[in-house]
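Accompanying notes for the structure given below.
Letters A, B, ... mirror the listed sequences (proteins, then strands); counts begin at 1.
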There are 2 protein chains.
Amino acid sequence: MARKIVERGDAIPVLAEIFREHGFAGASLSEITERTGLGKGSLYHYFPDGKEEMAKAVLDDVAGWFETNVFVPLRESEDPDAGIDHMFKAVIRFFHSGRRICLVGTFALDDTRDRFASEVQSYFAAWTRVLAAALKRSGLNTKAARETAEDVVAGIQGALVLARSQDDPGVFTRAIKRLHQRTKVTHRD
Amino acid sequence: MARKIVERGDAIPVLAEIFREHGFAGASLSEITERTGLGKGSLYHYFPDGKEEMAKAVLDDVAGWFETNVFVPLRESEDPDAGIDHMFKAVIRFFHSGRRICLVGTFALDDTRDRFASEVQSYFAAWTRVLAAALKRSGLNTKAARETAEDVVAGIQGALVLARSQDDPGVFTRAIKRLHQRTKVTHRD
DNA sequence: GTCTATAAAGCGATAGAC
DNA sequence: GTCTATCGCTTTATAGAC
């Protein structure tokens, strides 16, 4: 079951899942040693600053994933709509169709945000900015593009909350479909 | 500064704020005794089951607030749009214009949800259901009403996440305005 | 690099005096 | 009802052998 941890990087996905499940405060080193299979010695060898450094590494990893799988396609697709299609597909995959929550979103809500303020801030700022640029290229004016981008990014976060509250991933996938649809409709006002 | 705690009910708002700031796992009894001004003796006298009972009391209080200030107006306004207007005003007030996060939303995201599954579930289910009924009365068909209600409730949650991530309440208030607008526009498809 | 042992502090919760 | 003292446990983190 548990994949072998042979280097620092192998631990990151496991750490990410633990932080998602328990939040930063609720994630304990004892569970981390258990699920990574690394003793405290190894853990502090790889992450000298302990839990905080582990969370930073996870946030870095998430940022990298979004850069590669969401932002680059959004920026570089010749057809902006294709980039947006790609984003929604990546988002569904990343959040396991609504069964997995957004780590950065959880961190944003409680006082964990203050610990990782710049990481949390730039994750959502980058996402909104890059999506707005794609929407603008697809024909929206500057204001409509920014507003729609905020609505979509917030809508995704809210859909994750709602889906988990109902223990029903369908809430997420249906919300995503509607958000996707809204990016295709030309502004009418 | 700190209001005097003379009975159990007086402690609830303080507890609510502490859980909002730190989440369930991050809220410590030492901070709770400090900020409520109640010693552990009094605390366990009022809440024999400790932290879990405190959180339950807070969730109860939140549910009651929404029942009175959101659900009743949504159900009983002769003009459904007036009820919806009332809801958005109440929401802005409750979440301090985006400076305060949703306790139930935070609880929904990590494993705290499992502890308070039914409270978390019914909070969002009730909100969505009552709002959908109002939207239907205002002219939307059943499906559109349910979808719009989900989009609005999720949109509010997401806007809280986004606003806090950017440390900018304006993100919340602007998103609320757009969500409110969407409930007024007749369905066009 | 990885382990075990351990430190020092904080945790939630309880007991019992008043 | 409120307090202090304390229990037993877990926490993060460190030290030092291998």
Side-chain angles (χ1 to χ4, degrees), chain A residues 2-60 103 106-107 110-116 119, chain B residues 2-60 103 106-107 110-116 119:
Chain A
R3 196 168 305 153
K4 257 240 191 65
I5 311 276
V6 291
E7 48 176 319
R8 191 189 126 117
D10 296 338
I12 310 285
V14 183
L15 292 171
E17 226 44 55
I18 295 173
F19 285 126
R20 268 185 261 265
E21 286 171 29
H22 305 292
F24 182 76
S28 74
L29 281 179
S30 65
E31 179 162 357
I32 291 171
T33 53
E34 238 175 57
R35 288 173 59 178
T36 57
L38 296 170
K40 294 190 187 184
S42 312
L43 232 31
Y44 276 92
H45 171 74
Y46 288 129
F47 307 96
D49 272 353
K51 240 171 81 164
E52 177 137 357
E53 190 165 352
M54 297 179 209
K56 275 238 167 70
V58 169
L59 288 170
D60 253 33
L103 181 80
T106 342
F107 279 16
D110 64 21
D111 60 348
T112 310
R113 180 203 57 173
D114 304 325
R115 224 184 252 268
F116 306 107
E119 289 86 353
Chain B
R3 196 169 304 154
K4 255 239 193 65
I5 310 277
V6 291
E7 48 175 319
R8 190 188 127 116
D10 296 338
I12 310 285
V14 183
L15 293 171
E17 227 44 56
I18 295 173
F19 285 126
R20 268 185 261 264
E21 286 170 29
H22 305 291
F24 182 77
S28 74
L29 258 94
S30 65
E31 179 162 357
I32 291 172
T33 54
E34 237 176 58
R35 287 173 58 177
T36 57
L38 296 171
K40 293 190 188 186
S42 312
L43 232 30
Y44 276 91
H45 170 75
Y46 289 129
F47 308 97
D49 273 352
K51 238 170 82 165
E52 176 137 359
E53 190 165 352
M54 297 178 208
K56 275 236 167 69
V58 169
L59 288 170
D60 253 33
L103 180 80
T106 342
F107 279 16
D110 63 21
D111 60 348
T112 310
R113 180 203 58 173
D114 304 325
R115 223 184 252 268
F116 306 107
E119 289 85 354

Across the strands shown, which category fits A/Tyr44 at heavy-atom distances under 4.0 angstrom: base, sugar-phosphate, nothing? base
Mind checking B/Ala25 for me? I need base, sugar-phosphate or nothing, with any heavy atom below 4.0 Å counting as a touch. nothing
All N/O pairs under 3.5 Å across the protein-nucleotides 16-18 of chain D interface:
none

Those residues that, when tested against A/Glu119, pass salt bridge (charged side-chain N to carboxylate O under 4.0 Å, His left out) (two or more places apart): none
Could you work out, with salt bridge (charged side-chain N to carboxylate O under 4.0 Å, His left out) as the rule, every residue matching A/Glu31, not counting sequence neighbours? A/Arg35
Any residue meeting side chain to side chain donor-acceptor pair (under 3.5 Å) with B/Arg8, in chain and number order, not counting sequence neighbours: none
Report the residues that fulfil side chain to side chain donor-acceptor pair (under 3.5 Å) with B/Ser42, sequence neighbours left out, ordered by chain and then residue number. none
Is the phosphate of D/dG1, meaning OP1 or OP2, less than 4.0 Å from a side-chain N or O of B/His45? yes
Would you kindly give the CD-to-P distance between B/Glu34 and D/dC3, to the nearest whole Å? 14 Å
Rounded to the Å, how far apart are B/Phe19 CZ and C/dG12 C1'? 12 Å
Got a sec? Which of residues 50-57 of chain A come in under 4.0 Å of DNA chain D, heavy atoms? A/Gly50, A/Lys51
How are the rings of A/Phe24 and A/Phe107 set relative to one another: parallel (under 30°), tilted (30 to 60°) or perpendicular (over 60°)? perpendicular
